[in-house]
Amino acid sequence: MELVKDSAMANAIMAANAEPEEEQAVAEQKPQKPAFATWEVGGKTYRLKLSTADVTQLETKYKTNLMNVMGADEGGMPALSVMLDVAQAAMKTGEGTPVSRNLINSIFDKYVDEGGSQMSFYTQVYMNIFLASGFFSPALAAGMEDGIQEARAIL
């Protein structure tokens with residue numbers, strides 16, 4: 001009887017220890033959104049992410065939700081001014097202070113001088129700001145990231 005009891009206890013312990021590993025494997029398979037979008041220009045990497053305050057400020061400015069300014073009608077990209085407004089809202093200094101529009105314009109000019117384009121900015125930076133800022137579920141974000149990667153390959 002004791003042997004059966006010890007065997008049952010050993011099986012219970014093994015099962016209890018196996019569950020976290022299975023949960024960890026499932027968690028590792030879940031798509032993760034990036035913590036920040038990045039924009040590399042002139043040897044510097046800028047981190048961009050919209051806070052709730054940033055989103056509401058942009059929505060007030062455009063009088064619509066940001067999903068509507070993500071892309072123009074018929075699947076096109078938004079105006080450069082809109083994309084740079086979003087980038088400006090998403091970029092902060094190390095102290096959390098918003099950056100000036102002049103700085104964003106200067107960074108974008110340098111980006112273009114280094115071979116970037118509005119299309120590459122749209123696919124490599126702008127859309128990633130929305131991914132990092134939680135506009136999409138992790139699964140949808142992973143699917144979008146695949147599409148963005150394909151677009152990058154074409155550019």
Leu84 reachable from Met70 in the ILVMFWY side-chain graph, under 4.5 Å edges: yes
Worked verdict on Ser81 versus Arg101 for side chain to side chain contact (heavy atoms under 4.5 Å, CB included): CA-CA 10 Å; Ser81 62; Arg101 181 51 179 262; 4.2 Å; yes
Plane angle bin for Phe108 and Trp39 - parallel if under 30°, tilted between 30 and 60°, otherwise perpendicular: tilted
Minimum heavy-atom distance between Asn128 and Thr123, given as atom pair plus value: ND2-O, 4.1 Å
Parallel, tilted or perpendicular: rings of Tyr126 and Phe130 (30°, 60°): perpendicular
Verdict with supporting geometry, Asp109 and Ser106, side chain to side chain donor-acceptor pair (under 3.5 Å): CA-CA 5 Å; Asp109 287 340; Ser106 176; 6.0 Å; no
Straight-line distance of Ser133 OG to Asp54 CG, nearest 0.5 Å: 8.0 Å
Met91 and Ile107, any side-chain heavy atoms less than 4.5 Å apart: yes
Considering all heavy atoms, the nearest Ala87-Ile129 contact: CA-CD1, 3.9 Å
Sidechain-backbone polar pair: Asn105 side chain, Asn102 backbone, donor-acceptor under 3.5 Å: no
Test side chain to side chain contact (heavy atoms under 4.5 Å, CB included) applied to Arg47 and Lys92, step by step: CA-CA 8 Å; Arg47 296 181 349 163; Lys92 309 288 187 292; over 6 Å; no
Side chain to side chain contact (heavy atoms under 4.5 Å, CB included) partner of Glu59, chosen from Asn68, Val69, Asn65: Asn65
CZ-CE distance between Phe135 and Met67, expressed to the nearest 0.5 angstrom: 7.5 Å
Where Glu114 and Glu40 come nearest, the two heavy atoms and their spacing: OE1-O, 4.5 Å
Heavy-atom side-chain contact between Phe121 and Val112 under 4.5 Å: no
For the student: nearest non-hydrogen atoms of Met119 and Met77, plus distance: CA-SD, 4.0 Å
Nearest non-hydrogen partners of Ser100 and Gln88, listed with the distance: C-NE2, 3.6 Å
Closest non-hydrogen atom pair, Ser120 against Tyr111: OG-OH, 2.8 Å
Test side chain to side chain donor-acceptor pair (under 3.5 Å) applied to Asp85 and Tyr62, step by step: CA-CA 10 Å; Asp85 283 347; Tyr62 291 109; 2.2 Å; yes
